[in-house]
Structures are given as structure tokens and as C-alpha cells.
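These numbers come from a predicted model, not from an experiment.
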Amino acid sequence: MPKKNSRRQSAKDDCFPCQLVEHDDTFSVILTKFNLLEDRLPEPDAGGYAVEKLARRLVRANKLKGIRFDSEASMFCAYADEKAPLLALCSLLREQSGGQDQHQPAAVQKPKISHKAARKLLQKGFLDSLNGKAQKEYLSKVPPPPLSRQQAELMRLLREGSDAEKLKAARKINSEARNLVRSVDHYLSHPDTVTRMLACCDNEKNDSATYREIIWALVFICNRHLPDRRIAPYFESCLESSDAQTRILGLWGLKNIGLLTEKMVQALLEDKSKKVRDEAERYADWAGYARDFEYWAEEEE
């Protein structure tokens, strides 16, 4: 008898991009990494219901029987009495994603120091302060996580793509940052990725759409992956933008790295835009709050 609520996902998985869940008398597949299907979804922020809409079309077109749905905004879920139709649906969704190889990074390179030592350097160099010596030592001893083919292409486009390609790449990275939470072996959790994105910001200051999308991605990287204080000057410059949404992004970003001050909030409380004033009031209590590394990072050895 299969174990209740057991999940299976391996390097080469018949269920990719979903996860198979075996219950006592039924099976289900779930998906929360919506960025894997982003090219087939209507917008970057699309969630479980959008995936379900896509899945329903595939079920109808391929005449799959016995599949029911129970999705939420934060999770796609399909279930059935038999495993076979769900595996067939997963295969169709895998085709829509471009294939698992597109999203599968190479083997992770091990750091040259312990996780505890790496954390101390990360805190000293990027999170609690900006100690240059600690930054250099961290980057020399903790290699960036390997990229999947898709991730490598996104970073390349940010560096040398056309304006349209850079904007699209930034949106995809933003989507990935929103859909995942911190993992020490993921590229969004390593300072090298922030370095690359800040370099793109420096090159795109005259392109408000691309610049704003990169800043938006950095806001979510700071919130869910790595609250890197090197981004602070970029968030602070956003507060002076003529665009209200960009000023809000600056507010969010500074809150996420624990560098939002009462003076900044007070200025935004008097902003000409009601939307900005409302966000400033919403986050007023975060002024002066120091982001605690222990709050979002778990010990991993």
C-alpha cells in the first residue's frame, strides 16, 4: 500500500514539472514553481488557477479521463483515482515547459569552507554590513550555484540582449524570485547574481521599463532569497523617481533589507501620489527595523 502524502521527485522525473503525491486511495500532482510554465501563462504573476486553465485545455485536447482539479492561487493541484492519467498530464505540461533539461542545473559545486563559516562571511560582507574583505573571501570560497540552460540564457540576455530581450529576461527572473524561497544552492541566493543584475541596472538607467523590472526582481530577491545591502543605493534612488510605482519599489526594497528609515517614510507619507502615501503608511512600522538573518535563513550542513 502506498504511503499517504508521500512525494516523489528525482533528477529525471516522470512528473516534472509537477510533484506526485500518493494518498491511501487516490493520487494527485501539484505545482508551485509557476515560472517553469511562464511562457505558457498569461502574465508573470499567474498562479495555480492559470496553470489549471492550461491543464484543462490539455486534458480536453488529449481526451484524458478521470482528472479533477483542486487548485489555489498559490498551488496547482490535479487528482485522480489512477496514476496513469496524471502522469500523462505531467508529460503534456513538461512539453509546455520546454523539458526538464531546460530547467535542470548541473551538479552543485561544494564550497571550500563549512556552511557555518560561509554564513558568517555572507552576513559580514553582504547582509549585516558591507565588509570588503569578507565579500572577497566569500566569493572566492563559495562558488556560484550552477545555472540551468534557461537561467544561463536569461543572465546572458540581461548582459547583451536587445532592449526587448532584456525586459523579457528581467520579467522571467522576477517571476522565479516570486515563486521560490531561499535555497543555498540556488543562483538567486548568491551575491554573484546580484552583482550581475546591478551591472545591468547601471547600463539601463535610461530604459525605465527594463530598469524598473530589474529593480522589481531585486525587491523579491531581497525578500525571499538574499537581502543584499549592496542594493541599498539603487532602492534609495528609486525614492526620487518621477514614477510612483518605482518609488514604491524603493520603499519595499529598503524594508526588505532592513534599511528603511523614519525619514524616508515621512517623506513618502507626504508624497503627491495617494498610492505611495498608502504604502508608506502601511510600512511605517518597519522603519528602523533591522532584518534578522536568522529570521529567513535556516541552518544547512
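With rounding to the nearest 0.5 Å, the separation of CD1 in I30 from CD in Q19 is 5.0 Å. The distance from the CD atom of E153 to the CZ atom of R156 is 4.0 Å, given to the nearest 0.5 Å. Distance check: C238 SG to R212 CZ gives 10.0 Å after rounding to the nearest 0.5 Å. The distance from atom CZ of R230 to atom SG of C222, rounded to the nearest 0.5 Å, is 10.0 Å. Separating the CG atom in L31 from the CZ atom in F76 is a distance of 7.0 Å, to the nearest 0.5 Å. The distance from atom SG of C18 to atom CG of L37, rounded to the nearest 0.5 Å, is 7.5 Å.
R247 approaches L239 most closely through the heavy-atom pair CD-O, 3.4 Å. Closest approach of G48 and F34 over heavy atoms only: N-CZ, 3.4 Å. A pairwise comparison of heavy atoms in F220 and H225 identifies O-CD2, 3.7 Å as the closest pair. Summarising the geometry of M155 relative to I173, their closest heavy-atom pair is SD-CD1, 3.9 Å, with the distance given to 0.1 Å. Heavy-atom minimum distance, L226 versus S189: CD1-O, 3.9 Å. What you find for K166 and G161 is that their closest heavy atoms are CE-O, 3.2 Å.
E270 and Q266 share a donor-acceptor pair across their side chains, judged by distance under 3.5 Å alone. Between the side chains of Y234 and D202, at least one donor N or O lies within less than 3.5 Å of an accepting N or O. Looking only at atom types and distance, the side chain of E176 has a donor-acceptor partner in the side chain of Y187 under 3.5 Å away. Q245 and K275 share a donor-acceptor pair across their side chains, judged by distance under 3.5 Å alone. Between the side chains of R119 and S114, not a single donor N or O lies within less than 3.5 Å of an accepting N or O.
By the 4.5 Å heavy-atom criterion applied to side chains, N174 and L218 are not counted as neighbours.
Of the possible polar contacts, none joining the S91 side chain to the L87 backbone as a donor-acceptor pair under 3.5 Å is found. Checked by atom type and distance alone, the side chain of T26 never pairs as donor or acceptor with a backbone atom of H23 at under 3.5 Å. R229 places no side-chain N or O within 3.5 Å of a backbone atom of S129 that could act as its donor or acceptor partner. A donor-acceptor pair under 3.5 Å links the side-chain atoms of N62 to the main chain of L58, judged by distance alone. Side-chain N or O atoms of R277 include none that pairs as donor or acceptor with a backbone N or O of L268 at under 3.5 Å. At distances below 3.5 Å, not a single donor-acceptor pair connects side-chain atoms of D271 with backbone N or O atoms of A267. One N or O on the side chain of Q151 and one on the backbone of S148 form a donor-acceptor pair closer than 3.5 Å. A donor-acceptor pair under 3.5 Å is absent between the side-chain atoms of R94 and the main chain of L89, judged by distance alone. Side-chain atoms of S175 do not come within 3.5 Å of backbone N or O of K172 as any donor-acceptor pair.
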- Could you walk me through whether K124 and D128 pass salt bridge (charged side-chain N to carboxylate O under 4.0 Å, His left out), step by step? CA-CA 6 Å; K124 189 175 182 179; D128 295 340; over 6 Å; no
- Task: Evaluate salt bridge (charged side-chain N to carboxylate O under 4.0 Å, His left out) for K168 paired with E165, printing each intermediate quantity in order.
- Result: CA-CA 5 Å; K168 186 175 181 179; E165 288 172 334; over 6 Å; no
- Step by step, work out the ring pair (Phe, Tyr, Trp, His ring centres under 6.0 Å) result for F126 and H190. CA-CA 10 Å; F126 302 94; H190 195 281; 8.1 Å; no
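By the 6.0 Å contact criterion, CD on E240 is open, its count of non-hydrogen atoms from other residues, nucleotides or ligands being 12 or less. Other residues, nucleotides and ligands contribute more than 12 heavy atoms inside 6.0 Å of the CD atom of E160.
Note on ring orientation: taking the six-membered ring where Trp is involved, the planes of Y283 and W286 are tilted (angle from 30° to 60°).
Linking Ile, Leu, Val, Met, Phe, Trp and Tyr whenever their side-chain heavy atoms come within less than 4.5 Å leaves Y79 and V21 in two separate clusters. Residues L198 and I257 fall within the same hydrophobic cluster, defined by Ile, Leu, Val, Met, Phe, Trp and Tyr side chains chained together at heavy-atom separations under 4.5 Å.
Among the candidates D192, I214, D228, I215, the single residue satisfying the side-chain contact (heavy atoms from CB on, under 4.5 Å) test with M197 is I214.
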